[in-house]
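This report concerns only the one structure given below.
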Amino acid sequence: MSLYERIKEKISDSLVKAVEDAKVAGELNFETLPSFVLEEPREKLHGDLATNLAMVLTKQAKRPPREIANVIIKNFKLEGTWVISSEIAGPGFINFKLDPMWLTGIIPEVLQQADDYGHVNLGRGQKVQVEFVSANPTGLLHMGNARGAALGDSLASLLSAAGYEVSREFYINDAGNQINNFALSLEARYLQLLGKEVPFPEGGYHGEDLIDTVKGLISQFGDKYLTVEPELRREFLVRYALNEKMAHIRQTLADLGVNYDVWFSEQSLHDSGYVKSTMEELEKKGYIYEKEGALWLKSTLFGDEKDEVVIRSNGTPTYFAADIAYHRNKFERGFDKVINIWGADHHGHVARMKGAMAALGHDPEKLQIILMQLVRLIQNGEVVRMSKRSGRYITLRELMDEVGKDAARFFFIMRDPDSTVEFDLDLAKAESSDNPVYYVQYAHARLCSILRQAQEQNLASEGVPEDGELQLLTSQEERDLLKKLADLPGEITIAARLMESHRLARYVLDLAALFHTFYNSQRVLIEDENLRKARLALVRCTKQVIRNVLGILGVSAPERM
RNA sequence: GCGCCUGUAGCUCAGUUGGAUAGAGCAUCUGCCUUCUAAGCAGGUUGUCGGGAGUUCGAAUCUCUCCAGGCGCACCA
């Protein structure tokens, strides 16, 4: 538990003790202690911490809240709480002021824990899988995939910092209908490029990148497949193109700083007979029925709006059937939590996927699906419709070339997955240098610069300063900064519990702002040796914390800018 | 039509699951570089929290209803 959490817990305990003592003394009447909060008031004037305990007791105690607050304060014991004063305010809040010296305790904590500072043990080593992007290998990665990549990767890192054992996974959709479609599109391009007049298949993939792929193939193999049987030709084209596309996807994601633990092939589920046996399992349990020649899953039993086809009347399994098998496989691999990041256009899929897991006897609560709203691209003031089929989209690669890896990630991580982000391309280009990510990185570079100067002037100090030195950090700017540093473990806990990495982006922006304020108001490399040592320690801690958070977000922390 | 998401400053977005006078960035205006990086700082301006009703000590947050936008409701994925 972190320093700040320990203090809060101490005060909380003292509050509980106070009302219980009051009850015994006959000063307060209540049956069961209601839940109350002890939190930082928004308004600084209201002290460091405030509780609504008196207010939530009004019903049972049958007395006005301010009167109850009085009783609580009278019985409140200060020992070990760092509380130096308490007062009743507003409708009945009790506001506490802490001895500001508690804050300096954060410096040894950060320096000792270093790269691990901020890490918490919320997960207790539970195994979690995060599956994200899982883009179809039939085209290039687009803005939606970019958002999914940034969110998924930072969420995985966040959970890892919160004490979970995390595995990142990419599901390769290398089977099914879209692959047939892909084959036909490739074949048409192949024949066209070799001078044949053939029509492009309806609903095929129009992307330019497909033509490039086929050109590459032709330069390597020529017209060798012009005369072979169409079946074999398509098989070869698909194999070649899938390899090429997947290699490209891997590389692009790696360039974005995303590295997976597992690449899982959909085709492998068909090849091993796992899709089939999973359907048989469902049938055995009585959740499958036949209608109009197809096999249906009774997903309505589990809250779905309608039943779903799993095996088509032509005998082929649907995407849903393979996905059920895939998720069953995930559960069988022993994850305590399985997280999927899906585009909002898949939300209809959520209830039936959870239902299918329940049907197979797994706990659907272990499957958590984060839906992210789609990215709307604006160019020349107009919405650009993105679609793989039409081949009209801005790629992740282009985005990175335009704004850089760090900005691309930070831009998406900053936003709540539930919000539809409007990405104005022209604006992104124009504002690429005012991106908030630079604000944070600049703070880090400044911190490094101070430490470099200290080194050069032989003023650098190692280790943890004495208490007496640290207690010289008394300015408002220093205290605000220290307080923010102390907040990190709590922020990571909340962010991990809610699975919201955007909170960390806000946190690190706030931290950077507090540092810039401090930087402009006080100098670090000063004559006074004791204060200088204390400030240098503060600088080292701030640098460490920014680094740690940027590390979780997958954004680099440059030493110079 | 039904379901899910969204609606907060001129623009882009936060808001710790019900707390006190709703916050940042961009934009705009005014100051600050002979001193550790001005990609910075300080200050000014900006609000019917989409509308209405309800729940209670207290609502941007919970409930209902209406309005607007997005997405979904295939033997596509």
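Just so it is clear, the model here is predicted, and its values are computed rather than measured. Quick note: numbers below take in every heavy atom, side chains included, and nothing from hydrogens, waters or symmetry partners. Proteins get letters first, then strands, A, B, ... in listed order; numbering begins at 1 in each.
- Ring centroid separation for the pair A:H516 and A:Y439 comes in under the 6.0 Å cut-off.
- As rounded to whole Å, 12 Å separates atom C1' of B:rU6 from atom CG of A:L374.
- The 12-atom threshold is exceeded at NZ of A:K483, counting heavy atoms of other residues, nucleotides or ligands nearer than 6.0 Å.
- Annotation: A:F423 is in aromatic contact with A:F411 [ring centroid separation under 6.0 Å].
- In this structure, A:E491 reaches neither bases nor backbone, as no heavy-atom distance under 4.0 Å exists between it and the strands shown.
- The base of B:rG72 has none of its N or O atoms less than 3.5 Å from a complementary donor or acceptor on the side chain of A:H346.
- The interatomic distance linking A:D323 (CG) with B:rA74 (C1') rounds to 16 Å, in whole Å.
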Exercise. Could you run through nucleotides 11-21 of chain B and give me one letter per nucleotide, 5' to 3': B if any protein heavy atom sits under 4.0 Å from the base, S if only the sugar-phosphate is that close, - if neither?
Key: -SSSSSB-BB-
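- Residues A:G176 and A:R523 both approach RNA chain B. Their nearest nucleotides, taken by heavy-atom distance, put A:R523 toward the 5′ side.
- Of the P atoms belonging to B:rG15 and B:rA68, the separation is 27 Å, rounded to the nearest Å.
- B:rU21 and B:rC62 have their C1' atoms separated by 23 Å, given to the nearest Å.
- B:rC4 atom C1' lies 4 Å from atom NE2 of A:H347, rounded to whole Å.
- Residue A:A344 is in sugar-phosphate contact alone, with no base atom involved, counting any heavy-atom pair closer than 4.0 Å across all strands shown.
- The residue A:Q522 sits close to a base: some heavy atom pair falls under 4.0 Å.
- Checking B:rA74, B:rU37, B:rU35 against the side-chain heavy atoms of A:K306 singles out B:rA74 as nearest.
- Between A:F320 and A:H349, the distance from one ring center to the other falls under 6.0 angstrom.
- For the C1' atoms, the distance linking B:rC33 with B:rC49 amounts to 41 Å, nearest Å.
- An OP1 or OP2 oxygen of B:rU37 is reached within less than 4.0 angstrom by a side-chain nitrogen or oxygen of A:Q453.
- Comparing the C1' positions of B:rU30 and B:rU37 gives an interatomic distance of 24 Å, to the nearest angstrom.
- More than 12 non-hydrogen atoms from other residues, nucleotides or ligands lie less than 6.0 angstrom from CD of A:E456.
- In this structure B:rU8 sits in the anti conformation; its chi angle is more than 90° from 0.
- Backbone-only engagement by A:H516 is indicated by non-hydrogen atom pairs under 4.0 Å involving sugar-phosphate atoms exclusively.
- Taking atom C1' on both B:rA22 and B:rG18, the two are 15 Å apart, rounded to the nearest angstrom.
- A straight line from OH of A:Y289 to P of B:rC75 spans 11 Å, rounded to a whole angstrom.
- Comparing the P positions of B:rC2 and B:rU65 gives a spacing of 11 Å, expressed to the nearest Å.
- In this structure, A:Y438 does not reach the B:rA39 phosphate: none of its side-chain N or O atoms is under 4.0 Å from OP1 or OP2.
- Between B:rA77 and A:N173, no contact under 4.0 Å exists linking OP1 or OP2 to a side-chain N or O.
- Between B:rG44 and B:rG25, the distance separating the two P atoms is 13 Å to the nearest Å.
- Distance, A:L297 CG to B:rC75 C1': 14 Å, rounded to whole Å.
- For A:T517, counting side-chain heavy atoms from C-beta on, the closest listed nucleotide (B:rC71, B:rA42, B:rA77) is B:rA42.
- When distances run from any side-chain atom of A:R446 to the nucleotides B:rC5, B:rA77, B:rA38, the shortest one goes to B:rA38.
- In summary, the aromatic rings of A:H206 and A:F200 are positioned with their centroids under 6.0 Å apart.
- Nearest-nucleotide mapping onto RNA chain B: of A:Y319 and A:Q457, the residue sitting toward the 5' end is A:Q457.
- In this structure, the nucleotide among B:rA38, B:rA77, B:rC5 sitting nearest to the side chain of A:Q373 is B:rC5.
- Contact check, A:Y439 against B:rU37: no side-chain N or O comes under 4.0 Å of OP1 or OP2.
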Quiz item: Would A:K330 and A:E131 count as a salt bridge (Lys or Arg N to Asp or Glu O under 4.0 Å) if you check the C-alpha gap in whole Å, the side-chain angles of each, and the deciding distance to 0.1 Å?
Solution: CA-CA 10 Å; A:K330 290 186 182 187; A:E131 182 219 321; 2.7 Å; yes
Practice problem: Please lay out, stage by stage, how A:K8 and A:E39 fare under the test salt bridge (Lys or Arg N to Asp or Glu O under 4.0 Å). | Solution: CA-CA 8 Å; A:K8 277 168 77 171; A:E39 62 182 3; over 6 Å; no
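- With respect to A:R532 and A:E527, no salt bridge is recorded, no charged nitrogen being found less than 4.0 Å from a carboxylate O.
- When the P atom is used for both B:rG51 and B:rU45, the distance is 24 Å, rounded to whole Å.
- When ring centroids are compared, A:Y287 and A:F302 come within the 6.0 Å threshold.
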Self-check item: Watson-Crick and G-U pairing of RNA chain B written in dot-bracket, each distance under 3.5 angstrom, with | for inter-strand partners
Solution: (((((((..((((.....[...)))).(((((.......))))).....(((((..]....))))))))))))....
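- Every pair passing salt bridge (charged side-chain N to carboxylate O under 4.0 Å, His left out) that includes a residue from residues 498-517 of chain A is listed here, sequence neighbours excluded: A:K484-A:D510, A:E500-A:R503.
- Across B:rG40, B:rC75, B:rA77, the shortest atom-to-atom separation from the side chain of A:N520 is found for B:rG40.
- With a glycosidic angle further than 90° from 0, B:rC66 counts as anti.
- Contact annotation: side chain of A:T58 to base of B:rC57, donor-acceptor pair absent below 3.5 Å.
- Contacts of A:E559 with the nucleic acid, taken as non-hydrogen atoms under 4.0 Å apart, include base atoms.
- A sub-4.0 Å separation between OP1 or OP2 of B:rU37 and a side-chain N or O of A:R452 is absent.
- Proximity of the aromatic rings of A:F170 and A:F264 is defined here by a centroid distance below 6.0 angstrom, and this criterion is not met.
- Of the candidate nucleotides B:rC71, B:rC36, B:rA77, B:rC36 has the atom lying nearest to any side-chain atom of A:Y519.
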